[in-house]
Number of protein chains: 2
Amino acid sequence: MDVDTRLLRSFATVAEEGNLTRAAERLYLSQPALTKQIRQLESQLGAVLFERSKHGMALTGPGEALAAAAPAVLASWDTARRAVRAADAEASRVLRVSFLASAANEKTQPIIAAFRERRPDWRVELRQAGWGDPVAGLVSGDVDAGFMRLPFPRQDEYEVLPLLTEPRCIAMAANHPLAQRESLTMADLLDEPFIAAPAATGAFRDHWIAADARGGRPVRIGAVTEHPDDWLTAIANGDGIALAPASAARYYARPDIAYRDISGVAPSEVALVWPKGAGASGPLADFIAAAAALAD
Amino acid sequence: MDVDTRLLRSFATVAEEGNLTRAAERLYLSQPALTKQIRQLESQLGAVLFERSKHGMALTGPGEALAAAAPAVLASWDTARRAVRAADAEASRVLRVSFLASAANEKTQPIIAAFRERRPDWRVELRQAGWGDPVAGLVSGDVDAGFMRLPFPRQDEYEVLPLLTEPRCIAMAANHPLAQRESLTMADLLDEPFIAAPAATGAFRDHWIAADARGGRPVRIGAVTEHPDDWLTAIANGDGIALAPASAARYYARPDIAYRDISGVAPSEVALVWPKGAGASGPLADFIAAAAALAD
DNA sequence: GACATCCATAACCACAGGTTATCGATACTG
DNA sequence: CAGTATCGATAACCTGTGGTTATGGATGTC
């Protein structure tokens, strides 16, 4: 009998959440679809995995057994994928690097150029990461390294090489009243709605709404976005304002968006990030060295 | 990224076979369907797994990596299934036992009755196994124990409790010329086609074509069957003759099939079989004890 | 030169698996 | 106690995945 690992992930989510509706949300599925998935898994296994009640879904004995065993299956699959990816990188001479928004700004190209000098037969493939789960690609092995903004979720599980620091500014719709002013402080913005990253990103989200500079005052969230495009649109729409690295004014200049200086918020730091242990040798080591040589 | 373990099994088969067409046959699929599966797996992983040529499919580097890692994934899934099955058996009080053809003949019912005395609240569920892969259910955990004929594939990976020994006879179409004779020897049968088990069963197949009693003479295979029904039909059809346990004359008596004594072939042995370590305690231990008490 | 072998492609079909809308049952809540 | 929110199941519907047969093109083989 076979399974789609997807069913296992769904199952794990339901087991954890104890509630179909909420699990469905987390999985970006409708609740009936998830109902079907769980029923399918149960019929494939020939065992009842959950006790349904008005209070939600509770694991049965067999359900507990699966909940205990499923992570090992998923982990072994992740391992397999990483192995394939590593072999593929070796064979096709491609180093995959994820980046967030403007990556390392003006340093991005020089770093890649420096790497190509060390490894002329290799290519670097950049792929954009959403800020919903910026390290996703690193976990799964889809990507060898990433240009990240600090802090990011589960940062201590990775090696981090800081590259540059830049001040942050504030982005808002061009017709926003505050856009009249040349420069602002956090005090001016305490009542404004902010465009934020998904709640799951924890410290990352907090950093970009400057939670520490609000003196405990709660934030109004005007919209939640995952990618630069949604983010820009939301700002231009007037859904809220947002903190941004100063370089955004160069890389994301638009007539309907104004960027203004702001005082009293910590700067933003860009780093190169890779899984612990992976950077010891091979092309990734050269990429890291190239980046280190160009770091501030 | 997710996979269906099915794709992994297909992949493993192609890798092993080195040939799409033959792998498709083994998987009971059309060749284009298998082509699609492999392409899908490749696109999901973003890596080329095979080098296609006129000589077949050869693994690439990433392909080798996956071939090395896939068995672990499949094994962990099998483990998970066994865990679920065990918990389910515990919860629903069902012991599942597979059997081959006539199981343990007249001992089957007494063994089950003796088990029920020890575990009155448990049920025994018997399910027929094909001889294509008689231990399949044990590997996957679908079944807790099985009544088997010795020898069977990978026999040393299981615990084996011999239950009874019976002579073998020869089965043939009722209108077969040799059916006139009361008793036969292997020498009479050397030119006859035999009905055999699938080639993958190795020693099991050899045992039932009495490969060791032919003095090295090759066998003609009249048909390959997996189940008693096909087997009986093939014999009645005149596709060939077949060795059978003597009890077949009782359990599979048909007007169009004749069973005759044969000398010079080893007897057949029936045993109870279960995964190593599983019989130490719990209901399976009681079932084993019940069987042991009734063994010859 | 005819043929066999092997993988890819095309055209087609069924159904798995998703969606929205709705239901029935239960537990909070004012 | 009525009204409402919550939870999972069900129905009706639609699309895309994944199967099938038939066929093609390339390359060895007798």
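Computed from heavy atoms alone, side chains included, the values below leave out hydrogens, waters and symmetry copies. Numbered from 1 within each chain, the chains take letters A, B, ... in sequence-line order.
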(message) Taking the minimum atom-to-atom distance to the side chain of A/K36, which one of C/dG17, C/dC6, D/dT20 wins?
(response)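 Of the options given, the side chain of A/K36 lies nearest C/dG17.
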(request) Side chain of B/T35 only, please: which of C/dT19, D/dG19, C/dT9 is the nearest? (result)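 Output: C/dT9.
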(message) Taking the basic N atoms (NZ, or NE/NH1/NH2) and the acidic carboxylate oxygens, is any pair closer than 4.0 Å for A/E192 and A/R220?
(response)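 The answer is no: the pair does not qualify as a salt bridge.
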(request) Run the salt-bridge test on B/R96 and B/D144 with the 4.0 Å N-O cut-off and return the result as yes or no. (result)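 B/D144 and B/R96: not salt-bridged.
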Could you state the atom-to-atom distance from [atom1] of [X] to [atom2] of [N] in whole Å?
| X | N | atom1 | atom2 | answer |
| --- | --- | --- | --- | --- |
| A/L7 | C/dG17 | CG | P | 8 Å |
| B/E17 | C/dC7 | CD | P | 10 Å |
| A/Q44 | C/dG17 | CD | P | 8 Å |
| B/L20 | C/dA8 | CG | C1' | 10 Å |
| A/N19 | D/dA5 | CG | P | 17 Å |
| B/L27 | D/dG19 | CG | C1' | 14 Å |
| B/I38 | C/dC6 | CD1 | P | 16 Å |
| A/F50 | D/dG8 | CZ | P | 10 Å |

May I ask you to evaluate whether [X] reaches the phosphate of [N], defined as a side-chain N or O under 4.0 Å from OP1 or OP2?
| X | N | value |
| --- | --- | --- |
| B/R39 | C/dT9 | yes |
| B/Q37 | D/dG18 | no |
| B/Q40 | D/dG18 | yes |
| A/S30 | C/dT20 | no |
| B/R6 | D/dT17 | no |
| A/H55 | C/dA27 | yes |
| A/R52 | D/dC7 | no |

(request) For residues A/V97 and A/V143, determine if any side-chain heavy atom of one lies less than 4.5 Å from a side-chain heavy atom of the other. (result)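 Side chain of A/V97 against side chain of A/V143, heavy atoms only: no contact under 4.5 Å found.
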(request) With rounding to the nearest 0.5 Å, note down the distance linking CG in B/L95 to CZ in B/R123. (result)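 Reported to 0.5 Å precision, the distance equals 10.5 Å.
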(message) Just to be sure I understand the rule, does A/Q31 reach a base, reach only the sugar-phosphate, or reach nothing, if contact means heavy atoms closer than 4.0 Å?
(response)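 Base contact.
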(request) Assign A/T21 to base, sugar-phosphate, or nothing according to its heavy-atom contacts below 4.0 angstrom with the strands shown. (result)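 The residue A/T21 makes sugar-phosphate contact but no base contact.
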(message) Taking B/L190's backbone N and O only, do any of them form a donor-acceptor pair with B/R214's side chain (distance below 3.5 Å, no angle check)?
(response)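 Yes, B/R214 side chain to B/L190 backbone: donor-acceptor pair under 3.5 Å.
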